[in-house]
Amino acid sequence: MNGPNLNLLGKREPGIYGDSSFESYLPKLRERYPDVQIEYYQSNIEGEMINKLQQVGSYLAEADGGVYDGVVLNAGAYTHTSVALHDCIRSLLCPVIEVHISNVHQREDFRHHSYLSPACKGVICGFGLDSYRLALEAFLQT
């Protein structure tokens, strides 16, 4: 799941985020892991992200027939602002791994704090789009 402005990958600040869109990366990830069902969701709206997380990982999902095995979440700027996403992640039945394309600790000070990290299983940052693969690998190892 990707948050705000990540729909602009490949165009927005390529020096930081690279020149590839997530939509061009996703088929490569699916090809590398053919036995893993990978779904993708992106929203610029915090409430829609919370709704989706609850749909795939909460007691609501359990009642509808199944909870996902895990969520790879790049919440973008909401990482540094959203208590609501933190609370949502805490309520999920499935684990969440927080990812960032850039190394947020080499960037502006406000990006050094994550409201989400304490609620997540782990954090991966700074490996470009490969951060998503590393998160998927972490799920497959456990």
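Every value quoted in this text rests on a predicted model; they were computed, and no experiment measured them.
In this structure, Ile45 stands alone, with no Ile, Leu, Val, Met, Phe, Trp or Tyr side-chain heavy atom under 4.5 Å from its own, directly or through other members. Other residues sharing a hydrophobic cluster with Val36 under the 4.5 Å side-chain heavy-atom criterion for ILVMFWY residues are Leu6, Leu9, Ile16, Tyr17, Phe22, Tyr25, Leu26, Leu29, Tyr33, Ile38, Tyr40, Val72, Ile97, Val99, Ile101, Ile124, Phe127, Leu129, Tyr132, Leu134, Leu136, Phe139, Leu140.
Contact record, His100 with Ser131: O-OG, 3.1 Å, taken as the closest heavy-atom pair. When all heavy atoms of Ser24 and Pro27 are compared, the pair lying nearest together is O-CD, 3.6 Å. Heavy-atom minimum distance, His112 versus His105: NE2-O, 3.3 Å. Across all non-hydrogen atoms, the minimal contact from Ser82 to Leu116 is O-CD2, 3.8 Å.
For the pair Asn103 and Arg107, the minimum side-chain heavy-atom distance is 4.5 Å or more. For the pair Cys94 and Val71, the minimum side-chain heavy-atom distance is below 4.5 Å. Counting only heavy atoms from C-beta outward, the side chains of Met49 and Pro4 approach each other to under 4.5 Å.
Using modelled atom types, one side-chain atom of Arg90 and one backbone atom of Pro118 make a donor-acceptor pair closer than 3.5 Å. A side-chain donor-acceptor contact under 3.5 Å links Glu98 to the backbone of Ser117. In this structure a side-chain-to-backbone donor-acceptor pair under 3.5 Å is missing from His80 to Ser114.
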Test Lys52 against Ser43 for side chain to side chain contact (heavy atoms under 4.5 Å, CB included), laying out the working first.
CA-CA 10 Å; Lys52 187 65 168 180; Ser43 178; over 6 Å; no
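Interatomic distance, Tyr41 OH to Met1 CE, rounded to the nearest 0.5 Å: 6.5 Å. Here Leu53 contributes atom CG and Ile89 contributes atom CD1; the two are 6.5 Å apart, rounded to the nearest 0.5 Å. Residue Gln42 holds its CD atom at 8.5 Å from CG of Asn5, rounded to the nearest 0.5 Å. How far OG of Ser21 is from CZ of Arg12: 14.5 Å, rounded to the nearest 0.5 Å. Note that the CD atom of Glu23 and the CG atom of Asn2 stand 8.5 Å from one another [nearest 0.5 Å]. Note: Glu46 CD to Asn51 CG = 11.0 Å, rounded to the nearest 0.5 Å.
The closest side-chain donor-acceptor pair between Glu39 and Tyr68 falls under 3.5 angstrom.
The salt bridge (Lys or Arg N to Asp or Glu O under 4.0 Å) search around Asp69 returns none, not counting sequence neighbours.
Under the 4.0 Å criterion applied to side-chain N and carboxylate O atoms, Asp130 and Arg133 are assigned as salt-bridge partners.
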